Visitor: 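Attaching a single structure in structure tokens format; questions to follow.
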Amino acid sequence: MALSEVLRNSLDGFTLSLILALSVAALFWRLFTLRLDPREPAALKPDVPVIGHIIGMLKESHRYWAILYKQNPMPACTLPMLNGKMYIINSPELVSAAFKARTLSFDPYLIKTLKHMIPISNKAMDMFAKDDFFHPWVNIVYSKMTGTDLLKMNVNALTDIYNNINNLPQNMEIEDTFIWWRHLLTVATITTLLGRDNPWKKDRSMVAKFWEYETSVHHFVVGPAPRVTAPAAYRARAEMHKALMQCNFETRGYEAPDTSGMIKTTSKVEEEHGWSTSDKAAMAIGILQGSVNNTVPISYWYFMHIVSNPKLVKKLRVEAEHLVTAGQTLPNGKREMLVDIRGLEERAPLLVAAFRENQRVVGVGVINRWVLDDTVLSDGQRSYLLKKDTPLLMSSMVNHTLEAHWGESVDEFDAERFLRTDPRTGAEREFHGDAPVPRGAFIPFGGGKHLCPGRSFASAENWGTMIAFLLGFDITTPQGTPLVVPERTMPLPTHGTGRPVAGSDLSSSFRRRKGWENVVWKVAEL
Ligand code: HEM
């Protein structure tokens with residue numbers, strides 16, 4: 001007799017249903033109950049079992065980590081998620097320790113994300129993911145954004161921006177300052193990487209295509225079918241890919257003298273490994289995305305935080321006047337104004353402090369790591385075990401918005417917060433790295449072996465741009481009143497900085513300043 005027949009004969013329907021229900025419950029309990037080693041960070045259970053944290057993340061995006069921390073201020077915790085777990089690290093001491101740990105890596109995320117983000121072949125991606133290709137390739141990215149390569153990038157970016165500024169009329173009304181600024185910085189950053197012969201220089205519509213793709217990048221990363229869920233972004237990516245192939249890779253345009261060392265050298269390595277034109281162009285999309293996606297919104301908010309504050313503009317102009325010298329008078333009667341971009345951290349402390357404060361205020365993204373091997377982190381008091389093959393997240397929003405670090409004015413933009421000398425008391429502030437807070441509490445560029453390689457470039461591009469706008473223009477609303485910083489959206493988990501909320505008044509008026517009408521901006525020879 002079959003087992004099912006035995007069961008049917010010996011048990012009534014109710015008992016059978018009960019056994020079935022208990023078995024399902026036991027299986028569910030077994031699958032979804034988090035079993036932790038006592039040395040791991042304590043569990044932080046969601047209100048709704050199993051899926052509560054996922055709902056929270058989807059609903060609140062980056063804000064969720066700050067909400068959780070406010071409710072449960074734990075230095076580190078483990079979040080149960082479906083039948084897995086994720087570690088969260090909140091305390092600056094543990095963030096610092098995590099940056100130092102060689103067994104915590106961003107690489108698995110980078111490889112997995114790139115595979116979906118860019119139109120690369122499986123063959124090239126498999127090669128990219130192998131240690132003997134990946135590590136030298138990443139080393140090129142880092143080494144080609146230092147020293148003379150970095151200097152050349154800074155000069156090229158600012159030359160592009162200054163050429164644009166030099167061509168502006170005496171007075172200009174802008175309807176959407178965000179879009180206008182986005183165009184200026186996107187083209188300059190891409191031109192720095194690819195050289196002047198690039199699709200974004202040739203065709204203005206390419207900038208909108210870049211942002212169509214960038215804004216929907218989560219459809220590519222998460223899947224499953226971006227062609228269906230984000231058709232416009234999918235088309236935009238295809239057009240960028242085709243244009244890059246034609247302009248920069250089929251013709252070996254990436255070898256041009258004004259192409260950045262980073263693109264030139266990574267493309268050369270790809271070429272030596274037999275990558276097709278299509279794969280080289282696909283990888284360039286990834287590099288451009290990583291370079292532009294943070295730089296442009298950060299830079300817009302930096303600009304807005306400054307120009308909306310007339311007192312700050314006044315102080316910054318005093319500082320900026322020492323950074324420029326008059327050059328020769330040109331045949332058209334205009335006067336060259338040379339901007340010396342060397343050593344701005346020492347020579348322009350307020351400009352730099354305002355930049356850092358802007359990053360504190362607007363940078364809400366997270367830093368992700370994958371635990372490659374069992375790792376123990378210590379904050380000096382307690383040690384935490386992190387188990388192999390577990391994701392780990394560090395939220396910049398948690399530490400960037402904590403009153404305990406930044407004081408009562410935490411919610412305000414205070415351009416002087418990052419000055420090493422407190423302007424109110426004259427006292428020297430205790431700094432840890434770039435910030436007057438414990439190491440690990442201010443992490444706009446991440447840290448450790450994944451510390452953003454583009455940080456010095458992006459910073460100099462921002463500072464140099466602001467110097468020309470501060471000295472050269474009065475920037476107000478069309479009515480002549482100070483601009484108001486628009487409200488920011490909460491970005492999706494794939495993005496680190498918000499955009500102006502829909503419906504904000506983004507109009508502005510640029511007027512050349514008296515005495516600075518006939519100036520031609522130029523980077524001083526270094
Ligand atoms: C204000 C502008 C920028 C911000 C706020 C920013 C922020 C970041 C952050 C938070 C990370 C993650 C670091 C970590 O995981 O510890 C990162 C990584 C990276 N950034 Fe930037 N970035 C900016 C500009 C740039 C630029 C201009 C480039 C290139 C020209 C660039 C290239 C990269 C690369 C290649 C990585 C990956 C590094 C790795 O995984 O080892 N970034 N950036």
Side-chain angles (χ1 to χ4, degrees), residues 62 89 95-96 98-102 104-114 117-118 128 134-146 149-150 152-154 156-157 185-186 188-194 214 259-263 265-266 283-303 352 355-370 391-397 399-400 434 440 442-463 465-466 491 493-498:
H62 300 296
I89 287 191
V95 170
S96 275
F99 284 155
K100 285 184 198 131
R102 305 300 293 176
L104 304 181
S105 176
F106 181 66
D107 296 343
Y109 288 103
L110 182 70
I111 290 166
K112 218 175 188 171
T113 312
L114 262 184
M117 250 176 63
I118 60 176
F128 184 77
F134 182 74
H135 293 302
W137 189 96
V138 169
N139 286 344
I140 294 170
V141 171
Y142 274 87
S143 68
K144 291 292 173 187
M145 277 194 274
T146 58
D149 287 292
L150 171 64
K152 183 179 148 193
M153 286 175 77
N154 292 341
N156 287 352
L185 268 287
T186 303
T189 307
I190 291 181
T191 298
T192 306
L193 294 167
L194 294 176
E214 211 289 318
T259 304
S260 65
M262 192 222 310
I263 289 280
T265 318
T266 49
M283 188 51 80
I285 294 183
I287 295 181
L288 297 186
Q289 200 269 349
S291 311
V292 173
N293 73 336
N294 279 313
T295 307
V296 169
I298 288 278
S299 153
Y300 166 75
W301 295 112
Y302 180 47
F303 167 77
V352 171
F355 183 66
R356 300 211 165 117
E357 172 70 345
N358 178 62
Q359 288 199 284
R360 181 190 75 82
V361 171
V362 308
V364 294
V366 293
I367 307 292
N368 294 296
R369 294 288 184 266
W370 190 259
L392 181 156
L393 181 147
M394 295 171 273
S395 152
S396 29
M397 195 172 183
N399 275 299
H400 288 192
D434 285 344
F442 179 61
I443 50 169
F445 290 117
K449 69 174 169 162
H450 297 290
L451 176 66
C452 172
R455 65 198 183 284
S456 303
F457 165 68
S459 304
E461 186 183 27
N462 272 275
W463 302 334
T465 304
M466 272 322 298
T494 38
H495 294 86
T497 314

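First listed ligand is number 1; within each ligand, the first listed atom is number 1. Throughout, numbering of the chain's residues begins at 1 and tracks the sequence. Since the model is a prediction, treat every value here as computed from it, not as a measurement.
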Visitor: Counting heavy atoms only, which of M262, E461, M153, H450 comes nearest to atom 13 (C) of ligand 1?
Guide: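 Going through M262, E461, M153, H450 one by one, H450 has the nearest heavy atom to atom 13 (C) of ligand 1.
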Visitor: What protein heavy atom sits nearest atom 16 (O) of ligand 1, and how far away is it?
Guide: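 Atom 16 (O) of ligand 1 sits closest to the protein heavy atom R369 NH2, 2.7 Å.
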Visitor: Decide yes or no on side-chain contact (heavy atoms from CB on, under 4.5 Å) for F457 and T192, but give the supporting numbers first.
Guide: CA-CA 10 Å; F457 165 68; T192 306; 3.7 Å; yes
Visitor: Taking non-hydrogen atoms only, is I367 closer than 4.0 angstrom to ligand 1 via side chain, backbone, both or neither?
Guide: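 The answer is the side chain.
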Visitor: Which residue supplies the protein heavy atom nearest to atom 6 (C) of ligand 1, what is that atom called, and how far is it?
Guide: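 I find the closest protein heavy atom is N294 ND2, 3.5 Å.
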Visitor: To which protein heavy atom is atom 24 (C) of ligand 1 closest, and what is the distance rounded to 0.1 Å?
Guide: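 Nearest neighbour among protein heavy atoms for atom 24 (C) of ligand 1, to 0.1 Å: T295 OG1, 3.5 Å.
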Visitor: Checking contacts here: is it the side chain or the backbone of R455 that comes within 4.0 Å of ligand 1, counting heavy atoms only? Could be both or neither.
Guide: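 The answer is neither.
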Visitor: Going by the order shown, which atoms of ligand 1 are within less than 4.0 Å of some heavy atom of Q359?
Guide: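 Counting from 1, the qualifying ligand atoms are 5 (C).
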Visitor: How far is atom 42 (N) of ligand 1 from its nearest protein heavy atom, and which residue and atom is that?
Guide: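 That would be C452 SG, 3.0 Å.
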Visitor: Mind running side chain to side chain donor-acceptor pair (under 3.5 Å) on E214 and H495 for me, showing each step along the way?
Guide: CA-CA 9 Å; E214 211 289 318; H495 294 86; 3.1 Å; yes
Visitor: Taking a cutoff of less than 4.0 Å between a non-hydrogen atom of the residue and any ligand atom, is P453 in contact with ligand 1?
Guide: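 It does, in that a heavy atom of P453 comes within the 4.0 Å cut-off of ligand 1.
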Visitor: Verify the ring-centre separation between F106 and W370: is it less than 6.0 angstrom?
Guide: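 They do not qualify: ring centres at least 6.0 Å apart.
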Visitor: Consider side-chain contact (heavy atoms from CB on, under 4.5 Å). Of V292, L288, T259, N156, which one does L193 pass it with?
Guide: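 Exactly one pass, corresponding to L288.
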Visitor: Are L393 and I89 close enough that some pair of their side-chain heavy atoms sits under 4.5 Å apart?
Guide: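 They are not in side-chain contact.
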Visitor: Who passes side-chain hydrogen bond (donor to acceptor under 3.5 Å, both in side chains) against E357, sequence neighbours left out?
Guide: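 In terms of side-chain hydrogen bond (donor to acceptor under 3.5 Å, both in side chains), with neighbours along the sequence ignored, E357 is linked to R360, R417.
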Visitor: Check ligand 1 against F457 and write out every atom of the ligand that is under 4.0 Å from a heavy-atom position of the residue.
Guide: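 With F457 as reference, the close atoms of ligand 1 come out as 27 (C).
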Visitor: Given F99, F445, Y302, identify the one with the heavy atom nearest to atom 9 (C) of ligand 1.
Guide: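 That would be F445.
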Visitor: Any idea which part of P444 is under 4.0 Å from ligand 1, heavy-atom wise: side chain, backbone, both or neither?
Guide: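 Backbone only.
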Visitor: G446 heavy atoms, cut-off 4.0 Å: which ligand 1 atoms fall inside?
Guide: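 So the atoms of ligand 1 that pass are 10 (C), 13 (C), 14 (C), 16 (O).
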Visitor: Is the contact between F106 and ligand 1 made by the side chain, the backbone, both, or neither, using heavy atoms and a 4.0 Å cut-off?
Guide: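 The answer is the side chain.
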Visitor: Using the side-chain contact (heavy atoms from CB on, under 4.5 Å) rule, take F128 and L114 through it: C-alpha gap first, then chi angles, then the decisive distance, then the call.
Guide: CA-CA 10 Å; F128 184 77; L114 262 184; 3.7 Å; yes
Visitor: About how many Å separate OG1 of T189 and CE of M153, when rounded to the nearest 0.5 Å?
Guide: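 Result: 8.5 Å between the selected atoms.
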Visitor: Which bit of A458 is near ligand 1, meaning a heavy atom under 4.0 Å away: side chain, backbone, both or neither?
Guide: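 The answer is the side chain of A458.
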Visitor: May I ask you to list the atoms of ligand 1 that are less than 4.0 angstrom from any heavy atom of Y142?
Guide: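 It comes down to these atoms of ligand 1: 38 (C), 39 (C), 41 (O).
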Visitor: Check Y302, F303, W301 against F355 for a ring-ring contact (aromatic ring centres under 6.0 Å, His included) and give me the one that passes.
Guide: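 Considering Y302, F303, W301, a ring-ring contact (aromatic ring centres under 6.0 Å, His included) with F355 is found only for Y302.
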Visitor: So T497 and V364, side-chain contact (heavy atoms from CB on, under 4.5 Å) or not? Walk me through it.
Guide: CA-CA 6 Å; T497 314; V364 294; over 6 Å; no
Visitor: Among protein heavy atoms, which lies nearest atom 29 (C) of ligand 1, and at what distance?
Guide: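 That would be S291 OG, 3.2 Å.
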Visitor: Could you grab the distance from atom OG of S456 to atom CD of E461, nearest 0.5 Å is fine?
Guide: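 One finds 12.5 Å between OG of S456 and CD of E461.
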Visitor: Which of the atoms in ligand 1, numbered in the order shown and given with their element, are less than 4.0 Å from a heavy-atom of G447?
Guide: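 Within the 4.0 Å cut-off of G447, ligand 1 contributes 16 (O).
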